Amino acid sequence: MKLIVRNLKLSLDEDIDALKKLVCKKIKVSEKDFKNFRIVKESIDARKKPFINLVYSVMVEIEGKIKVRESTDISILEQETEKVLVPGSIKLKNRPVVIGSGPAGLFAGLVLAQNGYRPLILERGECVEKRTQIVNRYWTTGELDPETNVQFGEGGAGTFSDGKLTTRINDRRCSIVLEEFYKSGAHEEILYKAKPHIGSDVLKKVVSNMRNKIIEYGGEVRFNSKVTSIIVKNGSITSIVVNDKEEIPCEVAVLAIGHSARDTFKMLFDKGVEFIQKPFSIGVRIEHPQELIDRAQYGEAAGHPRLGAADYQLFQKLGDRTVYSFCMCPGGVVVASASEPGMIVTNGMSEFARDKENANSALVVSVEPGDFGSSHPLAGVDFQRKWERLAFVAGGSCNRAPVQRLGDFIEGRKSTFLGTVKPSYTGGTNLADIHSCLPTFVTDSIKKAIPYFDSKIKGFGMKDAVITGVETRTSSPVRIPRGDTLEAIGIKGLYPAGEGAGYAGGIVSAAVDGIRIAEKIISTYSYE
């Protein structure tokens with residue numbers, strides 16, 4: 001029989017093997033009775049500093065049956081029957097097409113390929129190997145490639161973030177996503193860490209391995225292949241156009257285009273695809289010494305090798321607005337993330353080791369469609385562009401990002417020097433006043449929240465903390481409505497998916513949505 005045993009606590013200096021003894025004591029068996037033993041969750045309990053515990057849940061399989069009294073800490077694991085995908089009755093004449101190779105596109109393509117549908121995956125940018133070189137060149141020289149950058153290219157925007165795998169959704173497919181990442185080269189700890197992350201350095205290898213799997217299963221992946229038009233006849237998609245010249249017939253297309261494909265949004269809107277405005281958030285990146293965050297979170301235990309770099313999550317409700325930290329990157333860097341010329345966009349990135357000097361996080365304020373100043377479905381895109389252009393100007397109109405000491409920002413004056421915290425931004429920076437490139441309601445809300453955040457993370461409000469503008473791509477500014485069949489309203493065969501379509505908020509949820517779409521296609525259509 002299989003059991004899940006929870007709430008097993010170890011001190012930082014206890015060996016991991018002590019877990020087995022704790023399990024034996026809790027369920028009253030001997031280690032020799034274990035047929036299988038696996039950690040399923042590890043989290044950190046730092047509520048009683050300096051006494052910090054690692055808290056575990058484990059799966060243990062016992063030979064034979066034993067008497068177990070189920071409780072909040074012990075439960076019997078029922079045998080799960082594997083979901084069998086049965087192909088639908090409608091025969092496809094052409095293979096499915098997946099537009100985009102971010103998490104939603106990769107997982108949609110992988111599931112379709114694994115089930116014999118031989119999908120064609122089209123990516124407007126380069127493969128991850130060449131993409132890395134192009135992005136590094138942009139960070140070094142400011143030379144932006146509008147088709148291959150931090151937003152576009154194999155792996156999507158998440159490739160240059162941190163590979164964070166935390167999610168708020170509860171879906172059976174989440175474990176499929178984690179297992180597939182692990183099989184493709186991610187570290188095993190993503191299967192049990194409470195806050196798993198792959199690391200941008202490792203994620204590049206994972207993405208490449210997933211691409212190769214899709215090809216091995218009979219799929220095809222094409223790079224530098226931008227979908228520039230779709231052909232719809234009698235309410236159904238019949239073909240797509242690539243790079244304004246090649247027409248590819250298809251009855252099924254997965255739209256996994258990401259949250260920054262603004263030109264593709266406009267093309268689809270002009271072709272009759274329905275869009276609606278969606279809330280998102282904008283703000284800045286804020287940087288502190290990682291050592292400060294470690295001390296605030298772990299006290300005297302800061303720096304212990306079993307703890308690693310500390311993270312944080314902060315939020316405060318201020319009237320109708322919420323100010324919160326987002327995409328926190330321990331031991332990471334702030335990255336230049338524009339996808340259009342004449343604009344500045346920031347994001348955060350950590351490698352697996354999370355061993356850089358600074359901690360950074362987005363510090364953002366909620367934005368509602370009423371803030372856009374227009375009822376047009378794509379008005380959120382224009383709203384983002386406005387502040388990105390102003391950030392470009394604040395940075396000196398030369399691809400430098402505007403930066404400011406937090407103390408100067410709070411006092412409302414332009415910074416004239418940097419203190420103890422140096423910006424990690426991957427491009428050039430320019431001392432500026434961030435107020436010039438964000439709405440007043442955003443800057444006012446951030447300033448109001450800083451004292452509260454400082455009470456939660458001691459030192460968060462330090463005057464020498466650095467803010468870099470602007471963070472605008474927290475999520476998609478649009479949603480493409482879809483019906484019960486998961487197809488775009490009024491267009492049969494067109495399946496909006498993932499974050500760009502407004503149905504996800506991170507790597508795992510986007511990947512899950514991609515799997516969901518693939519399963520729906522398989523249950524509807526057959527392809528031989």
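Only a predicted model underlies this, so the values are computations on that prediction, with no experimental measurement involved.
- Among all heavy-atom pairs drawn from Ala359 and Gln290, the shortest one is CB-OE1, 3.0 Å.
- Salt bridge Asp73/Arg6: absent, no basic N to carboxylate O contact under 4.0 Å.
- For OH of Tyr312, the number of neighbouring non-hydrogen atoms (other residues, nucleotides, ligands) closer than 6.0 Å is greater than 12.
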Original post:
Between Asn360 and Asn358, is a side-chain contact (heavy atoms from CB on, under 4.5 Å) present by the stated rule, with each step listed?
Top reply: CA-CA 6 Å; Asn360 78 80; Asn358 288 355; 5.7 Å; no
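- Judged by distance alone, the side chains of Tyr56 and Glu42 do bring a donor and an acceptor atom under 3.5 Å apart.
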**OP:** With salt bridge (Lys or Arg N to Asp or Glu O under 4.0 Å) as the test, would you mind laying out the steps for Glu351 and Lys204 before giving the verdict?
**Re:** CA-CA 11 Å; Glu351 295 186 340; Lys204 294 168 189 174; over 6 Å; no
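- Atoms CD1 and OG, from Ile293 and Ser361 in turn, are 9.0 Å apart once rounded to the nearest 0.5 Å.
- Considering every non-hydrogen atom in both Leu203 and Gly158, the closest pair reads CD2-O, 3.4 Å.
- Proximity of Val334 to Thr426: side-chain heavy atoms (C-beta onward) are nowhere separated by under 4.5 Å.
- Here Glu179 does not pair with Arg173 in a salt bridge; the nearest charged N to carboxylate O distance is not below 4.0 Å.
- At least one donor-acceptor pair under 3.5 Å links the side chain of Asp371 to the backbone N or O of Glu368.
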**OP:** Would you check, one step at a time, whether the test salt bridge (Lys or Arg N to Asp or Glu O under 4.0 Å) holds for Asp145 with Arg131?
**Re:** CA-CA 10 Å; Asp145 184 333; Arg131 181 188 182 197; over 6 Å; no
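- Under the 4.5 Å side-chain criterion, counting only non-hydrogen atoms from C-beta, Val60 is not in contact with Lys2.
- A donor-acceptor pair is defined here as one N or O able to donate and one able to accept, closer than 3.5 Å; no such pair exists between the side chain of Trp387 and the backbone of Val470.
- Between Tyr324 and Phe326, the two ring planes are perpendicular [angle over 60°; tilted spans 30° to 60°].
- Within 6.0 Å of NZ in Lys49 there are more than 12 heavy atoms belonging to other residues, nucleotides or ligands.
- Checking Lys205 against Ser184 by side-chain atom types alone, no donor-acceptor pair falls below 3.5 Å.
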Subject >> Pair Asp408-Lys414, salt bridge (Lys or Arg N to Asp or Glu O under 4.0 Å): steps then yes or no >> reply: CA-CA 6 Å; Asp408 293 330; Lys414 175 182 175 180; over 6 Å; no
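- For Lys41, the NZ atom sits in a loose shell: 12 or fewer heavy atoms of surrounding residues, nucleotides or ligands are nearer than 6.0 Å.
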Original post:
Taking it one step at a time, do Lys130 and Thr132 satisfy side-chain contact (heavy atoms from CB on, under 4.5 Å)?
Top reply: CA-CA 5 Å; Lys130 292 182 180 177; Thr132 299; over 6 Å; no
**OP:** Let me see the working for Glu388 and Thr472 under side-chain hydrogen bond (donor to acceptor under 3.5 Å, both in side chains), right down to the final yes or no.
**Re:** CA-CA 8 Å; Glu388 292 167 15; Thr472 52; 2.6 Å; yes
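- A donor-acceptor pair shorter than 3.5 Å cannot be found between the side chains of Glu357 and Ser424.
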**OP:** Check the pair Thr443 / Phe409 against side-chain contact (heavy atoms from CB on, under 4.5 Å), numbers first and verdict last.
**Re:** CA-CA 9 Å; Thr443 54; Phe409 171 75; 3.9 Å; yes
Original post:
Run the side-chain hydrogen bond (donor to acceptor under 3.5 Å, both in side chains) check on Ser339 and Arg473 step by step: do they pass?
Top reply: CA-CA 11 Å; Ser339 54; Arg473 312 284 181 94; 3.2 Å; yes
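- Using a 4.5 Å heavy-atom cutoff, the side chains of Cys327 and Lys164 are in contact.
- Heavy atoms only, all atoms of each residue included: Arg285 and Gly348 are closest at CZ-N, 3.3 Å.
- Using a distance-only test at 3.5 Å, with no hydrogens or angles considered, a donor-acceptor pair links the side chain of Ser325 to the main chain of Leu314.
- In this structure, CD1 in Ile286 is found 9.5 Å from OG1 in Thr468, a value given to the nearest 0.5 Å.
- Other residues, nucleotides and ligands contribute more than 12 heavy atoms inside 6.0 Å of the CD atom of Glu340.
- Without hydrogens or angle criteria, Ser366 side chain to Thr322 main chain gives a donor-acceptor distance under 3.5 Å.
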Original post:
Does the side-chain hydrogen bond (donor to acceptor under 3.5 Å, both in side chains) test come out yes or no for Ser415 and Arg405, once each step is laid out?
Top reply: CA-CA 6 Å; Ser415 289; Arg405 290 172 64 248; 5.4 Å; no
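- Taken to the nearest 0.5 Å, the OG atom of Ser43 stands 12.5 Å off from the OH atom of Tyr192.
- A salt bridge is defined here as a Lys NZ or Arg NE, NH1 or NH2 lying under 4.0 Å from an Asp or Glu carboxylate O, and Asp433 with Arg413 fails to meet this definition.
- Contact check on Arg38 versus Glu61 returns no salt bridge, with no Lys/Arg side-chain nitrogen under 4.0 Å from an Asp/Glu carboxylate oxygen.
- The aromatic rings of His187 and Phe352 lie parallel to each other, their planes meeting at an angle below 30°, with 60° marking the opposite boundary.
- Residues Leu19 and Val58 meet the side-chain proximity criterion, which asks for heavy atoms closer than 4.5 Å.
- A distance of 6.0 Å or more separates the ring centres of Phe315 and Phe453.
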**OP:** Take His259 and Phe280 through the ring pair (Phe, Tyr, Trp, His ring centres under 6.0 Å) test and state the conclusion after the steps.
**Re:** CA-CA 11 Å; His259 62 32; Phe280 56 97; 9.9 Å; no
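- Contact between Gly506 and Glu499 at its shortest, heavy atoms only, is N-OE1, 3.3 Å.
- Ile507 and Gly163 get closest at one heavy-atom pair: CD1-CA, 3.6 Å.
- Judged by the 6.0 Å distance and 45° axis criteria, Arg479 is positioned over the aromatic ring of Tyr503.
- Taking the six-membered ring for Trp and the full ring otherwise, Tyr298 and His304 have centroids separated by 6.0 Å or more.
- At a threshold of 4.5 Å between non-hydrogen side-chain atoms, the residues Ser509 and Thr167 count as touching.
- In this structure, Asp320 places its CG atom where only 12 or fewer heavy-atom neighbours from other residues, nucleotides or ligands lie under 6.0 Å away.
- Taking a 6.0 Å sphere around CD of Glu129, one finds it holds more than 12 heavy atoms contributed by other residues, nucleotides or ligands.
- Atom NZ of Lys422 sits in a crowded spot, with more than 12 heavy atoms from other residues, nucleotides or ligands closer than 6.0 Å.
- Lys447 NZ: more than 12 foreign heavy atoms inside a 6.0 Å radius.
- The closest side-chain donor-acceptor pair between Ser260 and Gln151 falls under 3.5 angstrom.
- Taking the centre and axis of the six-membered ring of Phe37, the NZ or CZ atom of Lys20 falls inside the cone set by 45° and 6.0 Å.
- The heavy-atom pair separating Ala432 from Ala394 by the smallest distance is CB-O, 3.6 Å.
- No donor-acceptor pair closer than 3.5 Å links the side chain of Glu31 to the backbone N or O of Cys24.
- In this structure, the side chain of Asp33 engages the main chain of Ser30 through a donor-acceptor pair within 3.5 Å.
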Original post:
Taking it one step at a time, do Asp162 and Arg354 satisfy salt bridge (Lys or Arg N to Asp or Glu O under 4.0 Å)?
Top reply: CA-CA 9 Å; Asp162 180 61; Arg354 289 180 164 176; 2.7 Å; yes
